[in-house]
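Working notes for the structure below.
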Amino acid sequence: QKEVEQNSGPLSVPEGAIASLNCTYSDRGSQSFFWYRQYSGKSPELIMSIYSNGDKEDGRFTAQLNKASQYVSLLIRDSQPSDSATYLCAVANSGGSNYKLTFGKGTLLTVNP
Amino acid sequence: GAGVSQSPSNKVTEKGKDVELRCDPISGHTALYWYRQSLGQGLEFLIYFQGNSAPDKSGLPSDRFSAERTGGSVSTLTIQRTQQEDSAVYFCASSFVMNTEAFFGQGTRLTVV
């Protein structure tokens, strides 16, 4: 079982719509959760972090975490063509003796004008 | 500097040569990570440093790969006897401590010919 799973997409939404990106993880002891955006040929850019159950909003972005379901999501409201990128979910845990920051393979989002 | 700095940005090397990739983390960040990303693939964990603790080398793909971090700051990733399958973008990231937000450098694109 993969540690962090994301739908590879592509996810295509019209400009102005809500884009919903999902991620599941296997380690129940995971403690910290992050969303990164990666434009083609660029490095990952942190857009959201979430540490406790519930919703966290920052501008057009909302991260949602449900530890019981081992599920984290990212909603992008009023999607813009500039949001077109690959979105990476990252999960951190320090179970046992090793700390891990593990990334999913990413979901490609395309926002159509 | 304000962000994570990696050098060189690009490196072309002949098969069998050794290469060194450098990472200068954000000042004050105790955690440092190396990942690599092959074309069209996800981020593959290589090695993690936390302060003065022994690094987590569990992601290094072979004994040709090694990394060190001097004085808890600058890190060097060394690849000996490079092979064509080593061609990838190598990213460094740093965070204040474990479980906190990690910020990426711009990456080093390594091409082995």
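Below, chains carry the letters A, B, ... as their sequence lines are ordered, and counting in each starts from 1.
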Please determine whether the number of non-hydrogen atoms from other residues, nucleotides or ligands lying under 6.0 Å from atom CD of B/Glu14 exceeds 12.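 No.
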A/Leu46 portion near chain B, given a 4.5 angstrom heavy-atom threshold: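 Side chain only.
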Starting from [Y], can I reach [X] by hopping between I/L/V/M/F/W/Y residues whose side chains sit under 4.5 Å apart?
X	Y	answer
B/Val89	B/Ile79	no
B/Leu32	B/Leu60	yes
B/Phe103	B/Leu77	no
A/Leu108	A/Leu88	no
B/Phe49	B/Met98	no

Atom group of B/Ala102 that falls short of 4.5 Å from chain A, counting heavy atoms: both
Report every donor-acceptor pair between chain B and chain A with a separation under 3.5 Å, backbone and side chains included.
| unit_1 | atom_1 | unit_2 | atom_2 | d |
| --- | --- | --- | --- | --- |
| B/Tyr35 | OH | A/Leu101 | O | 2.5 |
| B/Gln37 | OE1 | A/Gln38 | NE2 | 2.8 |
| B/Gln37 | NE2 | A/Gln38 | OE1 | 3.1 |
| B/Asp56 | OD2 | A/Lys100 | NZ | 3.4 |
| B/Ser58 | OG | A/Lys100 | NZ | 2.6 |
| B/Asn99 | N | A/Tyr99 | OH | 2.9 |
| B/Asn99 | O | A/Ser32 | OG | 3.0 |
| B/Asn99 | OD1 | A/Ser32 | OG | 3.3 |
| B/Asn99 | ND2 | A/Gln31 | OE1 | 3.0 |
| B/Glu101 | OE2 | A/Ser49 | OG | 2.6 |
| B/Ala102 | N | A/Tyr36 | OH | 3.4 |
| B/Ala102 | O | A/Tyr36 | OH | 2.6 |
| B/Gly105 | O | A/Ser43 | OG | 3.2 |

Could you check whether A/Phe103 and B/Phe104 have their ring centres less than 6.0 Å apart?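 Here the rings of A/Phe103 and B/Phe104 have centres that are less than 6.0 Å from each other.
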